[in-house]
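What follows is one structure encoded as structure tokens, with my remarks underneath.
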There are 4 protein chains.
Amino acid sequence: MAQDTHQKILEAADQLFGEFGFDAASTRLIAERSGINKALIHYHFGSKDELFRAVLDRYYERLGEVLSAHLEGEGPVRDRFTTLIDAYVDFLRDNLAFSHIVQREAAGGRHVERIISRMTPLLQGGVQLLRAAYPDAFEDDVGPAQVLLSYYGMIISTFTYAPVLAPILGFDPLGDEALAARKRHLQHMVDLLVSDLEATSKERGEEK
Amino acid sequence: MAQDTHQKILEAADQLFGEFGFDAASTRLIAERSGINKALIHYHFGSKDELFRAVLDRYYERLGEVLSAHLEGEGPVRDRFTTLIDAYVDFLRDNLAFSHIVQREAAGGRHVERIISRMTPLLQGGVQLLRAAYPDAFEDDVGPAQVLLSYYGMIISTFTYAPVLAPILGFDPLGDEALAARKRHLQHMVDLLVSDLEATSKERGEEK
Amino acid sequence: MAQDTHQKILEAADQLFGEFGFDAASTRLIAERSGINKALIHYHFGSKDELFRAVLDRYYERLGEVLSAHLEGEGPVRDRFTTLIDAYVDFLRDNLAFSHIVQREAAGGRHVERIISRMTPLLQGGVQLLRAAYPDAFEDDVGPAQVLLSYYGMIISTFTYAPVLAPILGFDPLGDEALAARKRHLQHMVDLLVSDLEATSKERGEEK
Amino acid sequence: MAQDTHQKILEAADQLFGEFGFDAASTRLIAERSGINKALIHYHFGSKDELFRAVLDRYYERLGEVLSAHLEGEGPVRDRFTTLIDAYVDFLRDNLAFSHIVQREAAGGRHVERIISRMTPLLQGGVQLLRAAYPDAFEDDVGPAQVLLSYYGMIISTFTYAPVLAPILGFDPLGDEALAARKRHLQHMVDLLVSDLEATSKERGEEK
DNA sequence: TATGAATGAGAGTTCATTCAT
DNA sequence: CATGAATGAACTCTCATTCAT
């Protein structure tokens with residue numbers, strides 16, 4: 001029963017933080033949506049801030065599992081990179097609130113630090129993967145970071161700006177077909193880049 | 001004097017909305033930062049919501065001017081696309097608050113509609129540009145929208161996720177040099193894509 | 001075990017009521033300090049109010065025993081008065097929380113009545129002692145009450161205002177030496193008064 | 001009108017802090033008693049704590065004026081000491097809430113420091129007066145402090161323990177007649193002490 | 001235009017107390 | 001006896017907004 005309450009609060013908070021943002025999602029609202037007493041939020045989580053962190057942590061743990069499966073996997077980098085992007089898109093599709101929360105809080109405010117400390121290891125994992133895969137193409141961490149930031153931006157914007165694209169396209173950009181198309185586009189972007197990296201890599205490798 | 005007050009409010013609100021978000025930037029704070037009386041905000045703007053819209057509108061007007069110069073310009077698309085991206089990056093660098101505001105509010109909340117209606121014409125301009133430039137590569141609006149969304153994501157993430165990259169890179173990703181490097185990366189991404197589009201275009205053109 | 005819990009609650013409540021006052025000493029705090037479950041306070045004492053009364057009653061029972069030994073004793077009144085004051089000082093020194101609780105709650109609030117009903121018999125004992133000792137000096141209860149109130153005030157202020165004196169004196173007014181000096185002062189005040197009472201008594205006795 | 005509100009809040013707070021203590025006097029209650037909006041308390045005083053300090057400061061300023069008139073006056077010390085005590089009693093009679101507030105907060109809690117810093121100069125003034133008057137009777141500050149503490153205790157207990165004495169005496173210890181009697185008693189205590197001090201002073205003076 | 005004061009609603013949080021196990 | 005969970009009321013405080021001057 002207690003575990004149940006804990007969960008109900010987490011899920012309502014998750015939804016509402018995603019929908020309205022941290023400030024606009026009041027504890028009263030969260031309590032109403034959970035169907036629990038407002039005081040229970042503080043009983044279970046201590047404060048609204050800690051509740052937020054719990055929501056965030058839960059997401060990053062799941063995301064960490066999803067990504068590490070790909071980061072630490074085997075096989076050609078091009079494939080791993082592609083499937084990782086697919087997995088990322090799937091994760092965000094299944095956790096729309098998360099994408100909103102991250103975009104909002106990363107843009108500045110009281111929880112940026114938490115976002116930073118959670119994203120850092122994931123990003124570093126990506127950097128290492130790229131450097132290992134194309135040692136000749138990258139001399140330092142800057143290049144891989146550029147690449148990752150770009151792909152990260154392409155992916156998350158899919159979700160953040162879906163409402164902006166919808167009226168232009170005339171259909172829901174987060175529907176199954178639309179997302180499949182988006183994935184193809186992203187894969188194509190990966191192909192372009194990876195081919196380029198391989199070419200560069202080969203070229204520079206020969207120079208040595 | 002009144003014009004002056006109007007302006008001071010706008011600028012303080014701009015800064016604070018960017019730094020803390022709409023909810024956390026209280027009218028008291030805005031008044032303090034402006035050095036004006038709190039009641040004047042309502043005298044000049046009617047409500048906090050309308051003040052926010054004024055801030056947003058001011059940005060989109062400036063941005064519109066900047067972008068339309070490139071969208072409606074002449075010369076090869078590859079160049080126009082490249083300079084447009086450069087201009088976009090410069091605009092966001094000069095208006096950091098704007099990038100934060102957009103990312104936050106586009107992620108959902110009370111002001112999404114305003115963001116949508118402001119972004120739509122800009123996006124449509126971009127779509128038209130791409131379709132006109134590569135009529136053979138794109139059959140409908142979906143392809144260009146994908147491309148634009150991707151580049152938009154790459155650009156704005158530069159600013160939103162700068163704090164995340166900073167500790168990994170060991171330097172400020174928004175410094176002059178770093179931004180120049182970022183621009184080169186973005187240009188490279190444009191090159192890859194445009195070459196691809198031209199190839200596809202040529203290919204499909206020949207098929208006809 | 002149950003007796004143990006009862007005791008642990010009483011002692012924690014005692015300390016905390018003394019340190020922070022009734023309102024500021026929350027049941028949560030008392031439970032934490034006792035190392036017991038918050039609900040047990042109500043199981044054992046019914047309510048926070050009743051817990052407070054239990055703390056108070058325990059003190060007054062102990063104090064009653066201490067004082068009655070002197071009030072009902074034999075020997076010259078001057079000596080009994082002096083030793084009573086010493087005993088009172090010692091009692092308060094050993095029960096600092098008590099002195100704080102009494103001063104605070106006697107100053108008004110929800111528990112004044114309890115304080116009154118507990119202090120009344122003690123005060124009446126003192127009045128009777130003085131009237132019996134100096135029948136010629138006092139015609140009614142008013143005179144003895146004045147005297148007792150004055151000495152009571154001198155004694156308890158020793159403890160209530162120790163923090164105020166400390167920075168002026170440069171040492172702890174509740175240290176062993178300081179308290180011994182205080183006792184000497186109080187005894188001196190008793191000497192002055194008793195000599196006066198005896199003189200008055202003799203004078204008036206001769207008048208008759 | 002604003003000054004009026006400020007005053008109404010101060011007076012209601014004063015009464016309620018005196019009657020119930022800081023914690024039990026809620027801002028809601030204070031607002032109701034003042035007939036003003038709850039938020040105005042924070043508009044005018046910032047916080048409940050600062051409101052409390054304002055109440056306290058107002059009292060100590062008034063008290064300072066009253067006492068300094070006597071401390072810095074001229075004439076024989078016996079007379080000045082006597083009239084000072086009378087003035088103190090009058091002040092407390094006219095400011096019953098003050099006596100309660102001081103007794104309660106001096107007994108420990110969040111505002112002790114404020115009490116200490118306010119009482120210290122007054123006490124030091126008293127110490128200097130006594131040392132100047134009886135240089136031969138006192139070698140250091142300890143003796144005068146003892147004396148002052150004792151008289152202070154006698155005076156304030158008059159008010160703190162009035163409710164305890166009432167049922168024993170059968171009349172209100174704070175009525176005009178009763179207070180006059182109390183003053184006579186206190187004066188008598190002063191007489192006893194001063195005579196003693198003068199005797200001691202003379203004795204020791206001759207020894208030199 | 002500009003100001004200080006005022007308002008009512010609601011924020012997050014803590015409280016003493018109760019309940020089911 | 002003891003516990004963790006739950007409750008509803010109350011807390012201090014801040015909010016956007018309005019009003020009188």
Side-chain angles (χ1 to χ4, degrees), chain A residues 1-6 9 22-31 35-52, chain B residues 1-6 9 22-31 35-52, chain C residues 1-6 9 22-31 35-52, chain D residues 1-6 9 22-31 35-52:
Chain A
M1 194 67 182
Q3 198 61 17
D4 198 42
T5 301
H6 199 89
I9 295 172
F22 180 79
D23 289 306
S26 71
T27 52
R28 181 184 53 76
L29 209 58
I30 294 169
I36 56 100
N37 186 288
K38 196 159 61 100
L40 277 178
I41 292 174
H42 295 86
Y43 178 78
H44 282 274
F45 294 92
S47 70
K48 194 188 175 186
D49 265 52
E50 286 180 71
L51 170 58
F52 181 79
Chain B
M1 191 69 181
Q3 195 60 18
D4 195 43
T5 299
H6 198 89
I9 295 171
F22 179 79
D23 290 303
S26 68
T27 53
R28 181 182 53 73
L29 209 59
I30 294 168
I36 55 102
N37 185 286
K38 196 157 64 100
L40 280 177
I41 292 174
H42 291 84
Y43 180 81
H44 282 271
F45 294 92
S47 73
K48 195 188 174 187
D49 267 50
E50 286 179 71
L51 169 59
F52 181 80
Chain C
M1 192 65 180
Q3 195 60 17
D4 196 42
T5 299
H6 198 91
I9 295 172
F22 179 79
D23 289 304
S26 69
T27 53
R28 181 183 51 75
L29 209 59
I30 294 169
I36 56 101
N37 186 286
K38 197 156 63 102
L40 279 177
I41 292 175
H42 292 84
Y43 180 82
H44 282 271
F45 294 92
S47 73
K48 195 188 174 186
D49 267 49
E50 286 179 70
L51 169 59
F52 180 79
Chain D
M1 195 67 181
Q3 197 62 15
D4 198 43
T5 300
H6 198 89
I9 295 172
F22 180 80
D23 289 307
S26 71
T27 53
R28 182 183 51 75
L29 209 59
I30 294 169
I36 54 101
N37 186 289
K38 202 157 57 100
L40 278 178
I41 292 175
H42 295 88
Y43 178 78
H44 282 274
F45 294 92
S47 72
K48 195 188 175 186
D49 265 53
E50 286 180 72
L51 170 58
F52 181 80

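Reminder, nothing fancy here: chain letters follow the sequence lines and each chain counts from 1.
Distance CD1 (D:Ile30) to P (F:dC11): 10 Å, rounded to an integer number of Å. Counting to the nearest Å, the P atom of E:dT14 and the CZ atom of A:Phe45 are 16 Å from each other. Between the NE2 atom of D:His6 and the C1' atom of E:dG4 there is a distance of 14 Å, given to the nearest Å. Rounded to a whole Å, the CD1 atom of B:Ile41 is 12 Å from the P atom of E:dT3. Rounded to whole Å, atom C1' of E:dA6 lies 16 Å from atom CD of D:Gln3.
The line from CD1 of D:Ile9 to OH of D:Tyr43 is 11.0 Å long, rounded to the nearest 0.5 Å. Atom CD in A:Gln3 sits 9.5 Å away from atom OG1 in A:Thr5 (nearest 0.5 Å). Atoms OG1 and NZ, on C:Thr27 and C:Lys38 in that order, are 4.5 Å from each other to the nearest 0.5 Å. Atom CD1 of C:Ile30 is separated from atom CG of C:Leu51 by 5.5 Å, given to the nearest 0.5 angstrom.
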Please produce a list of atom pairs where a protein N or O lies less than 3.5 Å from an N or O of nucleotides 17-21 of chain F.
from: F:dT17; atom 1: OP2; to: B:His42; atom 2: NE2; distance (Å): 2.9
from: F:dT17; atom 1: OP2; to: B:Lys48; atom 2: N; distance (Å): 2.9
from: F:dT17; atom 1: O5'; to: B:His42; atom 2: NE2; distance (Å): 3.3
from: F:dT17; atom 1: O4; to: B:Lys38; atom 2: NZ; distance (Å): 2.7

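Considering only side-chain N and O atoms, A:Arg28 lies nowhere under 4.0 angstrom from the phosphate OP1 or OP2 of E:dG10. Distances shown here put a side-chain N or O of A:His44 below 4.0 Å from the OP1 or OP2 atom of F:dA6. An OP1 or OP2 oxygen of F:dA10 is reached within less than 4.0 angstrom by no side-chain nitrogen or oxygen of D:Ser26. Contact annotation: D:Tyr43 reaches the phosphate of E:dA5 (side-chain N/O to OP1 or OP2, under 4.0 Å).
The minimum heavy-atom distance between C:Ala24 and D:Asp23, with the atom names listed, is CB-OD2, 3.7 Å. D:His6 and D:His44 make their closest contact through ND1-ND1, 3.6 Å (heavy atoms, listed as atom of the first residue, atom of the second, distance).
Residues C:Ala25 and B:Leu40 both approach DNA chain E. Their nearest nucleotides, taken by heavy-atom distance, put B:Leu40 toward the 5′ side. Sequence order on DNA chain F of the closest nucleotides to D:Asp23 and C:Ile36 puts C:Ile36 first from the 5' end.
A:Lys48 places a side-chain N or O within donor-acceptor distance of the main-chain N or O of A:Phe22, the cut-off being under 3.5 Å.
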### Task
Quick one: the dot-bracket string of DNA chain F, using Watson-Crick and G-U wobble pairs with both distances under 3.5 Å, [ ] for crossing pairs and | for bases paired to another strand.
.||||||||||||||||||||
